[in-house]
Amino acid sequence: MNKFIKIDYLPRVEGEGGIAIEIKDGRITRLHFKIFEAPRFFESFLKGRSYSEAMDFTARICGICPVAYQMSSVHAIEKIFGIEIEKPIHELRRLLYCGEWIESHALHIYLLQGPDFYGIESAWASRQYMPIAKKGLGFKKLGNQIMAILGGRAVHPVSVKVGGFYKTPERKALIAILPDLERAYGESIEGIKWAAGLPFNNNAWDMEYVSLRHVDEYPINEGHAVSNKGLDKSMDRFLEGIQEYQVEYSTALHAGIKRDTSVSPYLVGPISRLNLNNDKLPLEIKNAINESGIALPIKNTQMGIIARSVEMAYAFYEAIRIIREYEKPDSPFIDFTTKAGEAIWITEAPRGMLIHRYEIDEGGHVKSCTIVPPTSQNLGHIESDIFHFLKNNLDKSAEIIKKESEKIIRSYDPCISCSVHVTYS
Amino acid sequence: MKRPRIGVFKFTSCDGCQLSIMNLEEKFLDLLELFDIAYFRETTDRPLTGHFDISIVEGSISTAWQKNDIVDIRERSRYLITIGACATAGGLQALRNWGSITDYKNYIYPSPVIINVLSTSTPISEHVYVDYELWGCPINEKAFSETLISFLIGKKPGIPIYSLCMECKRMGLPCILVSKSEPCLGPVTRAGCGALCPYFQKPCYGCFGPKEDANIESLLKQFQNMGLTQKECILLLDKMNTYAYRKAKIERS
Amino acid sequence: MTITKIKKDHLRLIFDRLKDSYKLVGPRVENDVIVLTEMDFHDIPAGYKDLHGKGVYRLSGNKDSNTFSFSLGPDSFKRFLSPPVREIFAFKKSKKGISANVSSKEEKPTAFIGMRACDISALKLYDKVFLEGPVRDTGYDSLKRNSLIIAVNCLYPNGNCFCDSLGTGPEVRDGFDLAITEIQDSFLLETGSSKGSEILNGLTIEEVSDKEMDEKNSRTEDCKKTIKRHIKVNDLPWVIYRNPEHPRWTDVASRCLACGNCTQVCPTCFCNSSYDRLELSGISKKSREISGNKVRAWDSCFSKNFARVHGGNFRPSRRARYRHWMTHKLAYWIEQFGSPGCVGCGRCITWCPVGIDITEELEAIRK
Amino acid sequence: MYDKSIPFEAKIRWIKKETRDTATYAFKITSREIERAYRFIPGQFNMLYMPGIGEAAISISSAPSDHDLTHTIRVAGDVTTAISRLDTGDVLGIRGPFGNGWPLEEIEERDLMIIAGGVGIAPLRSVIRHILNDRTEPRHVKGVRGGKISSPARIILYGSKTPKDIIFRDEFPRYRDAFQTFLTVDKADPEEYWRGDIGLITGMWNKTSFNPLNTVVFMCGPEVMMQSMVKELILKGVPGEKIFISIERNMNCGMGICGHCFFGPKFVCKDGPVFRFTDIEGFLGIKEI
Ligand SMILES: Cc1cc2nc3c(=O)[nH]c(=O)nc-3n(C[C@H](O)[C@H](O)[C@H](O)COP(=O)(O)OP(=O)(O)OC[C@H]3O[C@@H](n4cnc5c(N)ncnc54)[C@H](O)[C@@H]3O)c2cc1C
Ligand code: SF4
Ligand code: SF4
Ligand code: SF4
């Protein structure tokens, strides 16, 4: 029996993509995750521009995770200039990123993926789901508030600067949201239990997860790249082990880990981070994981919602910690001189590792740059994942296959507008 | 009374403006009381059908198929509102309008030929009639809800078209152009963001696009007096609203 | 009016006393600019010097042993007495009808610290606009009534000051509760009202010697001499009325950004717009109810929509808008309120991003 | 006294459609107290308020001696459109009255010429009805040419675009009791029955007989029309001091504190909207004043 399954325009994902699956005589003959989001060529525009514009330009790649872009670029450039940022700035940047994790995770958990488990078309399509959606909006709002205090607004904040921030917040302003954060933290722990209890498919398989790992902390802005299959590389070496390739049905490049004879897909994002770094979580959250009966490592990507819920709770935990310890630094940034050079930096965007490489000339202008967003790293993996699911479900109706594939894709929280920004290097 | 039907559409963009709609947070639920969100791909599964009382369009036109789609959307809509720098001015991606698309493609793709895009990125208003343009990169969510309210109750949205300086001064921020010789675009930029950058002691970089009757020539001359080169001055304009600023600069000179 | 003096280090006591019953608003350094905010004694930018040029401002610290060594920042009292955005009333329209309610907030009275002569003159003009017209503006009225003015006599004018030509400064004459003059070893205090005298009750105040009076006068004279900028007022308003088509208007329009900065920093510019502010939650489809606020916000005659009417705009060109602004300041005002609308504070010169200078433009029109 | 910065509520008692885009609305002020305190003179205006939408300056078209307080409103933009959707029994907000009004003391013992264009007749209707209601006023005897002219003379010149656009058309017969009335339209559809003049209002002089030196002119209409009318009136010998015109500007506060309505040094809201020609003469010709 032949089946042809097509989704022109995936709903509840960020950006424009579709899927085409063809099954002939019990064999999968085509499986394309199509990205037709138009490319925007920002990397080319950055050539010749001042280093200081990199943060504002790359932020516009993605409205959902602009902070990630600002963080990867600012750190890469600081590395080139040999700037060592001070502890308070490190902490504030982590806080800013926590804001984005909360915002992005809450949006995905409660408003985008959540409805899948309730069989509804949107988060507001049923009365029963409304309280859950409201809760999500509540979390999301707090994430946004953190970003607004630190950066003026949640989408494309304006305060990040090479060497620190343009201006650091008053302690008063941060303390003011502490009670709300503390309450939300409690609720987010409950949220882990809720996520763990959702009905999942049984599409578990043996995959390779890659994330940053840091000696002291759950990775956000720093660390080195590791995987469960032995990969362990410093940030600057990571790209060497990666192969990017173009497929004719997509405006986004794919990426895989170069192995002896092949290029193998890998997974980045909350599942990878949690699987590889759960030892760095505070006890309270570890307990919540155990009490919810979550078995680590997570091997089913649909359970990304669990990993996201854990990380959201962690982001609240961290935000509270940082705010409690915060003292406004004397100067919002440190002085520096520009230098020529090249550097790679990776940070953990909500969807996974975001790689930036810059080459800067004597005058502080960008000579070349490479950006590898998490979603483009996941594209190959998404296809493998669906392939894996199909293999065991070839007998299912086209309708079911379509729905389930859509759900699998959605569980990655793919950021398609990001994914078309990847430079071939 | 029937709730007006709303469609949210996306062209070439970062989704940030759509996210700003979600960032209305609990007010988003108020929005649902008043409007029927009949199409919003990023958040719901409902298919594209029928006509819309208000269509909200994010993103610029940068591919051939988008040119057709926008005409279709226009035909389905009573009012069409564009949101954000991409849709109202072509976005940051409109920087390609001043260069060679082939170079850009070559820089990014191993097989550039299969990338099918237009050589320009243009605002929606260059393709179809737009009833109202909401500026910003991203838009301000308050302005967005005010716009919808205005259409709902039948008035012109009262969103200012005057300079950012007005907003900056209302907030009591000392001018960084005057006190620090920072090249702030505030005097030629629309109010609407809440003077975020001046608040952070950072020169305005023009998220909200040119204000009405922007005297760009005169401001750039002042920047040159402050020591910027002519090229640096132009680069200041060449950001998310490059297309609109350059147009305003030409129109005024 | 009596004049007494206190030792320099006793000034703090006045602040301490004021704090009990007033919110103190005065000069303070923020982001390298002297702004007007809530403040306390230690916030006074003592020893600071502010340099003002055309479109340029720089602050340098600790150059001087004087307390009031600085001059004016961009802000004036108007930020507090006619706030940038103010709710006028809350409205509700329902099936039952329309209601408009003024919410009255009890606010702590404000003491304005360090107001200069030009600003006090401006305040008098504000009174004419908001209190002496056909309708008394209740909001301004109550804020004003509730305030206390501690003036400071200017001794170190900045490069853009020209109050002297307009007779609005540099020394304060009236319209204050207490006026401070800084001399070598002490502060001379003039009381201008009973509220002003009350503040001094119980403080160790001393008599002022003739020598000290002489010092005050000679310092004021010196101050006048250091005022560099002047404006000729004898032929106002006619010199402007005679020249509505002067080519200089086109010239200034090529420089003017119509950004409105001049009007926002000017202590006498009062233009504003009122509009209805609605929230999504203020509309109920079911009950057909609408509720929201009527808000009044600072506006500017440089805004293009300012003179817009249905079907047209009375001042579409930048040329006409600059002309209107300057003509209002220096000519119309005289007819409307009996004196020019400019008090010579020079703020519009300093804070114009392209340094357009009202005194220079007037001279050019005169030629 | 009530606070004129806060609107009070008024209910629509009746609506009379005048033309395609204009209607007259009669209002009843809801609060007895305010109704009693509310006093106006012809030529003054109110700020009509549609909550959530905004305010529009609209002249009072009834006379103080009339039973109803009326406004005659042409649909122009947001507020006026919203008002046009209201029904009898609906409410809106009113602030006012504002402005100076027509100088009625000037017309005692003097000839009065009322010149109106378009909806500009609204504030003049207030004067017309004031005169009609006033028993001490002389009545006009029909048959102008050769007939007896009342003294002092009372004249109305009214111009509108087409016969269909004539506001208060049904009231004109009554106006003829006290006024010599002259109607003209820019153009008339041949299909339509139209006995009046065709052409600009400026071309109607010769039909009227009045003594320029003893005449007071009240005028309201488009600014260009008023400018050319004034020119001709002065040529005819009417003293500039005796010409009064009502001017329109952007009106925001209505009470002299917002700066929007300046006409040269004048606040249209409090110094006007009615101005003696000679007081504003110098500014009338200046572009973009
Ligand atoms: C003294 C006086 C008496 C009048 N008497 C009458 C009368 O008796 N009958 C009559 O029909 N008309 C009269 N008018 C004219 C009437 O006031 C206008 O037609 C009316 O204000 C139109 O209001 P609107 O809201 O319907 O129109 P709009 O054009 O929607 O709004 C008009 C006003 O709204 C503001 N506005 C609208 N859009 C914008 C925007 N995009 N940005 C900024 N501001 C904007 C402007 O301030 C503008 O003046 C009078 C005017 C005056 C000054
Ligand atoms: S205008 Fe700015 S925020 Fe909006 S979609 Fe475009 S790049 Fe994103
Ligand atoms: S800081 Fe920028 S926006 Fe603010 S007043 Fe100065 S020029 Fe205008
Ligand atoms: S016009 Fe200029 S100098 Fe005069 S009072 Fe205003 S700001 Fe000061």
Side-chain angles (χ1 to χ4, degrees), chain C residues 88-89 91-93 96-102 129-130 133-140 237 241 244-245 269-276 278 282-283 290-292 294 296 299-301 305-311 313-317 319-321 323-324 327-328 331-336, chain D residues 1 3-11 30 47 49-57 74-80 90-95 98-100 222-223 248-267 269-271 279 282-283 285-289:
Chain C
I88 306 177
F89 56 78
F91 63 81
K92 185 169 186 167
K93 183 187 170 202
K96 286 203 214 86
I98 291 173
S99 65
N101 293 308
V102 184
V129 175
F130 288 108
V135 179
R136 209 177 166 81
D137 183 54
T138 43
Y140 174 80
Y241 284 167
E245 305 302 332
C269 276
F270 60 83
C271 288
N272 58 66
S273 290
S274 304
Y275 53 90
D276 283 3
L278 283 168
I283 305 174
I290 295 185
S291 55
K294 172 74 95 193
R296 188 197 292 164
D299 204 335
S300 163
C301 55
N305 272 340
F306 196 72
R308 189 192 164 280
V309 288
H310 176 81
N313 186 341
F314 287 106
R315 273 171 242 116
S317 76
R319 171 183 171 278
R321 279 177 275 151
R323 184 183 68 189
H324 177 80
T327 310
H328 186 212
Y332 296 161
W333 213 296
I334 299 175
E335 285 189 47
Q336 293 171 342
Chain D
M1 257 297 260
D3 182 347
K4 282 198 194 176
S5 56
I6 316 290
F8 53 77
E9 187 190 78
K11 194 174 236 133
T30 321
M47 297 299 290
Y49 177 47
M50 291 298 293
I53 296 184
E55 290 184 316
R74 190 170 69 94
V75 172
D78 297 345
V79 175
T80 47
D90 285 346
V91 292
L92 50 57
I94 293 183
R95 291 194 298 125
F98 296 113
N100 54 358
E223 226 161 281
E248 185 183 347
R249 277 291 182 275
N250 178 318
M251 201 61 73
N252 194 275
C253 72
M255 48 201 201
I257 60 168
C258 78
H260 281 264
C261 70
F262 283 16
F263 176 76
K266 306 293 184 192
F267 284 87
C269 63
K270 60 174 195 187
D271 305 331
D279 287 349
F283 300 99
I286 303 175
K287 263 208 210 104
E288 294 192 60
I289 188 71

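For the options C:Tyr241, C:Trp333, C:Tyr275, heavy-atom pairs under 4.5 Å to chain D are most numerous at C:Tyr241. Ranking D:Asp271, D:Asp78, D:Asn252, D:Thr30 against chain C, the residue ahead of the rest is D:Asn252, based on heavy-atom pairs under 4.5 Å. By number of non-hydrogen pairs under 4.5 angstrom with chain C, the leading residue of D:Asn250, D:Ile286, D:Ile53 is D:Asn250. In terms of heavy-atom pairs under 4.5 angstrom with chain C, the leader among D:Ala76, D:Gly259, D:Cys269, D:Cys261 is D:Ala76. With chain C as partner, the option from D:Phe8, D:Phe267, D:Phe98, D:Tyr49 having the largest number of non-hydrogen pairs under 4.5 angstrom is D:Tyr49. Comparing C:Ser273, C:Ala320, C:Ala307 by how many heavy-atom pairs each has under 4.5 Å with chain D, the most go to C:Ser273. Contacts with chain C were tallied for D:Gly256, D:Pro7, D:Ala56; D:Pro7 has the most, counting heavy-atom pairs under 4.5 Å. In terms of heavy-atom pairs under 4.5 angstrom with chain D, the leader among C:Ile98, C:Val135, C:Thr138 is C:Ile98. Counting heavy-atom pairs closer than 4.5 Å to chain C, the top residue among D:Lys4, D:Arg249, D:Glu55, D:Met50 is D:Arg249. Highest contact tally toward chain D, considering only C:Cys301, C:Ala331, C:Cys271, C:Ser99, is held by C:Cys271 [criterion: heavy-atom pairs under 4.5 Å]. When each of C:Gly133, C:Gly292, C:Gly97 is checked for heavy-atom pairs under 4.5 Å with chain D, C:Gly97 comes out on top.
Residue contact with chain D, scored on non-hydrogen atoms closer than 4.5 Å, is absent for C:Lys92. Both the backbone and the side chain of C:Pro316 come within less than 4.5 Å of a heavy atom of chain D. With a 4.5 Å cut-off on non-hydrogen atoms, C:Phe91 touches chain D through its side chain but not through its backbone. Using a 4.5 Å cut-off between heavy atoms, C:Arg319 does not touch chain D at all. Heavy-atom distances place both the backbone and the side chain of C:Asn272 under 4.5 Å from chain D. Only the side chain of D:Asp3 comes within contact range of chain C, judged by heavy atoms closer than 4.5 Å. Neither the backbone nor the side chain of C:Arg136 comes within contact range of chain D; no heavy atoms are under 4.5 Å apart. Interface residue D:Phe283: only side-chain heavy atoms are found under 4.5 Å from chain C.
Put simply, the side chain of C:His324 does not reach to within 4.5 Å of the side chain of C:Phe314, judged on heavy atoms. Annotation: side chain of D:Ile289 is in contact with side chain of D:Phe263 (closest heavy-atom distance under 4.5 Å). Residues D:Ile257 and C:Arg296 meet the side-chain proximity criterion, which asks for heavy atoms closer than 4.5 Å.
D:Ala10 approaches D:Ile94 most closely through the heavy-atom pair CB-CD1, 3.6 Å. Shown here for D:Ile6 and C:Ala100, the closest heavy-atom pair between the two residues is CG2-CB, 3.7 Å.
A salt bridge is absent between C:Lys93 and D:Glu9; no separation between the charged side-chain nitrogens and carboxylate oxygens falls under 4.0 Å.
Atom OG of C:Ser291 is separated from atom CG of C:Leu278 by 8.0 Å, given to the nearest 0.5 angstrom. Taking CE from D:Met47 and OG from D:Ser5, the interatomic distance works out to 12.5 Å, rounded to the nearest 0.5 Å. Here CE of D:Met255 is found 11.0 Å from NZ of D:Lys270. Values are rounded to the nearest 0.5 Å.
Using bins of under 30°, 30° to 60° and over 60° for the plane-to-plane angle, the ring pair C:Tyr332/C:His328 lands in the tilted bin.
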